[in-house]
Amino acid sequence: MKKIIVKALHAGIKKLPKINKAYDLSFFSETIERTRDSSHGDFTSNIALRLAKSLKKNPRELANEIFDCIPKNNSIKKIEVAGPGFMNFYLYDSAYHTEIERILSNKDLIEKNKDFKKHKLLLEFVSANPTGPLHIGHGRHAAFGASLRNILEAVGYDVKSEYYVNDSGRQMDILCISVIIHLLQRENQRVSMPLAGYQGQYIKTISLAIDHKFNEDEIKIKELIPKIDDRDNQDQYIDCLIENTKRLISAKKFNQIKKQSLDLIKKDIQDDLSEFGVLFDSWFSEESLDRNGEIDKALKSLMKKNYLYEQDGATWFKATDLGDEKDRVVIRKNQNKTYFTSDIVYHHNKKERGFDTLIDILGSDHHGYIARVKAGLEAMGHNSDDLDVQLVQFVSLYENGVKQAMSTRSGEFITLRQLREEVGNDAARFFYIMRSNEQHLDFDLALAKSKTSENPVYYIQYAHARIASVINQLNEKSLKYDQKNGISNLKLLTSEKERQLMVSISRFSEILFLSAKNKAPHSLAQYLRDLANDFHSYYNESIILIDDHALRDARVSLAISTKKVISMGLSLLGVSSPSSM
RNA sequence: GCCCCGGUAGCUCAGUUGGAUAGAGCACAAAAUUCCUAAUUUUGGGGUCAGAGGUUCGAAUCCUCUUCGGGGCACCA
């Protein structure tokens, strides 16, 4: 709907020779907003105020000049120059009717931007280490990423989502040894879990599933346990323990158990996310980068470009040359590659696969990591601006005003699965994205569980269910609904609340584009709440199923289009739209 | 010490990227149902936009400083 104003303004400006510069449509679009106050019309543009300075003109005069040049348009009732130089646009109601008609037709509810389609995006998110179940923090990433993906797709982008599986490196060995220790304990061997090992219940579950039994002669506890005090040197202790184990049971058997453990955890994560309605187009294995020789190839290329040097027995990447605050190690003294090494290659790989923009959704505690990944991209010959990092802040759970403790170390943290079971997928999805991602989230468990109007999810879903119920009543009362008749009688909808509802419906597409542009799914959530409010308010004031056929069909048309918008909006957020509650 | 995010009504938060008189929900006070789902609606009070300076026609929004809260500054991931 905003397009009407954008085009009109553009047509007007084109006629003014002095202003006709290289302004594109998106510039005009940026100057136009919905009015906050209906006494200012439907839309307002501050274009005259913005251009006044560079043209050295009085903004009001300029606004009047533009006004004189705007051609007649059968959607625009009148244009006013107001205040310091705003241009206020008043639309005919028919413009809103056209919008309702479009929504009722079976086409897409919103018009995608065709230019976006050639833009390939790769959205990477969650990417939690496969060393344990997902917790409530990952849940926020999952909900945010999945919603963002849906929104970007809805406005026209070609977008794929990916989960990066950190399936190589030291932490996988630690996972494996934790499982092995558990297996040994089940055989009544006198070994204790290293302090740096994974302590959670799930380790037990994995060991039960693997159910491996070691031979008496291959495990000699005395040879297994390092001669160091675990409490003094946790890292050294566990590394030594891993080494001993590999030697005693053979690296082959160790890797076999590691693979089994990884597969079990990965499966659990995949099931968890899929039950949560979070689907990925691909699961990218970190380990595959090494296996396919991509890491070596990239390192050689960096070496050739003189981005690497040796110092203190390690190999360093000259990140400072490319904007990072310090140089970073890519190969450690012990010859192991760092996590960052894989990440340079992984991001390079993403670009090589043909993605224009890479969106990474990271925890806010990873912000210090951005500069080095960007440096890595530059070094591999890409533009670091192609990487867009969205940071997500932490989640705290509150139950009746009391903050719930959460500790990863003890393994007693609240999992995503527990949360989903507690409050349900719908409430979890909605609450996770209800707030801006860069804001700390206080997740109110009691509110999420409550089935009252205080709970925004139920409030919105209830609006949908009410409309569904009205449609059922139509049939039960054997009333006929004629959509064409409804559309041609939309002009009968003249009450303030009816107009308000039509205005809200017409904003949907603008909200989606804004939400996509700002990568802010929470705007959509806020909008849906407002829309539901407009409907409830209208529903309370007017009866839809009245005897007057023309007005009834018009009202049903309005209700059905509201239902369609709510339903699509909720589905983009991964929330269901029940027909009865 | 350096870097990132945040501070808006009693509480939880929006604020369309610099616009006109700063908005919701909850809580509080009062009202509405012979009628399509009361899981609803209507009305009301409530603000030094953390503080101070600056930029300009115009600042919650941009810049500088101060302050408070969270996070980050590895040959961990």
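For A/H536 and B/rU42, the shortest distance from a side-chain N or O to OP1 or OP2 is not below 4.0 Å. Between A/R36 and B/rA20 there is a side-chain N or O to OP1 or OP2 distance below 4.0 Å. Between A/N540 and B/rU33, a side-chain N or O to OP1/OP2 separation shorter than 4.0 Å is absent. Applying the 4.0 Å criterion to OP1 and OP2 of B/rU12, one finds that A/Q439 has every side-chain N and O outside that range.
Across every non-hydrogen atom of A/L387 and A/V373, the tightest pair is CD2-CG1, 3.7 Å. Contact detail for A/A63 and A/M87: the closest heavy-atom pair is O-CE, 3.8 Å.
A/T35 comes within contact range of no nucleotide atom at all, as no heavy-atom separation falls under 4.0 Å. Residue contacts shown for A/E30 are limited to sugar-phosphate atoms, with no base heavy atom under 4.0 Å away. Counting non-hydrogen atoms under 4.0 angstrom, A/L49 reaches a base of the nucleic acid. When heavy atoms are screened at a 4.0 angstrom cut-off, A/N88 is found touching base atoms of the nucleic acid. Residue contacts for A/S396: at a heavy-atom cut-off of 4.0 Å it reaches no nucleic acid atom on any strand shown. Using a 4.0 Å heavy-atom distance criterion, A/E541 is classed as making no nucleic acid contact. Contact annotation for A/S537: backbone-only contact, meaning every heavy-atom pair under 4.0 Å involves sugar-phosphate atoms and none involves a base. Across all strands shown, A/N533 has heavy atoms under 4.0 Å from sugar-phosphate atoms exclusively, and none from any base. Within 4.0 Å (heavy atoms only), A/A463 reaches no atom of the nucleic acid at all. Within the 4.0 angstrom heavy-atom criterion, base atoms lie near A/L545. Among the atoms of the strands shown, base atoms are found under 4.0 Å from some heavy atom of A/S542. In this structure, A/D442 reaches the sugar-phosphate backbone alone: every heavy-atom distance under 4.0 Å involves primed, P, OP1 or OP2 atoms, never a base. Within the nucleic acid shown, A/H366 comes within 4.0 Å of at least one base atom, counting heavy atoms only.
For A/K497 and A/Y538, the positive end is not near the middle of the six-membered ring at less than 6.0 Å and at most 45° from its axis.
Of all nucleotides listed (B/rC5, B/rU21, B/rA14), B/rU21 comes nearest to the side chain of A/D37. Among the nucleotides B/rC75, B/rA14, B/rA39, the one closest to the side chain of A/W316 is B/rC75. For A/K451, counting side-chain heavy atoms from C-beta on, the closest listed nucleotide (B/rA39, B/rA38, B/rA77) is B/rA39. Closest to the side chain of A/P84, out of B/rG71, B/rC57, B/rC36, is B/rC57. When each of B/rG25, B/rG70, B/rC36 is scored by its nearest atom to the side-chain atoms of A/R529, the top-ranked nucleotide is B/rG25. Nearest to the side-chain atoms of A/K477 among the listed nucleotides B/rC36, B/rC73, B/rA77 stands B/rC36. Distance from the side chain of A/T338 is smallest for B/rA77 among the nucleotides B/rC36, B/rA77, B/rA39. Among B/rG71, B/rC35, B/rG19, the nucleotide with an atom closest to any side-chain atom of A/E33 is B/rG19. Distance from the side chain of A/Y539 is smallest to B/rA38 among B/rA38, B/rA14, B/rC75. With distances taken from any side-chain atom of A/E438 to the nucleotides B/rU42, B/rC5, B/rA38, the minimum falls on B/rC5.
Under a 4.0 Å N-O distance rule, the pair A/R555/A/E498 qualifies as a salt bridge. Salt-bridge check for A/D360 with A/K374: failed, with every basic side-chain N at 4.0 Å or more from each acidic carboxylate O. Ion pair A/D173/A/K258 flagged as a salt bridge, since at least one NZ, NE, NH1 or NH2 atom sits closer than 4.0 Å to an Asp/Glu carboxylate oxygen.
Along RNA chain B, the nucleotide nearest to A/S523 and the one nearest to A/A532 differ in position, and the one closer to the 5' end is contacted by A/S523.
The partner of B/rC35 is absent, by the rule that a Watson-Crick or G-U pair needs both atom distances under 3.5 Å. Nucleotide B/rC26 forms a pair with B/rG10, judged by Watson-Crick or G-U wobble geometry with both contacts under 3.5 Å. With both pairing distances under 3.5 Å, B/rG18 is matched to nothing as a Watson-Crick or G-U wobble pair. With both pairing distances under 3.5 Å, B/rA52 is matched to B/rU64 as a Watson-Crick or G-U wobble pair.
Between A/I471 atom CD1 and B/rC36 atom P there is a gap of 16 Å when expressed in whole angstrom units. B/rG19 atom P lies 14 Å from atom CD1 of A/I32, rounded to whole Å. When the P atom of B/rC13 is taken as reference, atom CE of A/M434 falls 9 Å away, rounded to whole Å. Computed from coordinates, the A/I511 CD1 to B/rA24 C1' distance equals 14 Å when rounded to whole Å.
If you check distances only, the side chain of A/T44 does reach the base of B/rA20 with a donor-acceptor pair under 3.5 Å. With hydrogens and angles ignored, a donor-acceptor pair closer than 3.5 Å exists between the side chain of A/N518 and the base of B/rU17. Checked by distance alone, A/D365 brings no side-chain donor or acceptor within 3.5 Å of a matching partner on the base of B/rA77.
Distance check, rounded to the nearest 0.5 Å: OG of A/S495 to CD of A/E541 gives 5.0 Å.
In this pair, A/F86 lays its aromatic ring flat on the base of B/rA20, centres within 5.5 Å and planes under 30 degrees apart. Lacking a ring centre under 5.5 Å from that of the base six-membered ring together with a plane angle below 30°, A/H440 does not count as stacked on B/rG70.
A donor-acceptor pair under 3.5 Å is formed between the side chain of A/D548 and the backbone N or O of A/L551. At distances below 3.5 Å, not a single donor-acceptor pair connects side-chain atoms of A/D553 with backbone N or O atoms of A/Y481.
Anti is the classification of B/rU41, since its glycosidic angle lies more than 90° from 0.
Going from the P atom of B/rC73 to that of B/rC49 covers 36 Å, rounded to whole Å. Taking the C1' atoms as reference points, B/rG6 lies 14 Å from B/rU61, given to the whole Å. When the C1' atom is compared between B/rC26 and B/rA14, the two are found 14 Å apart, to the nearest whole Å.
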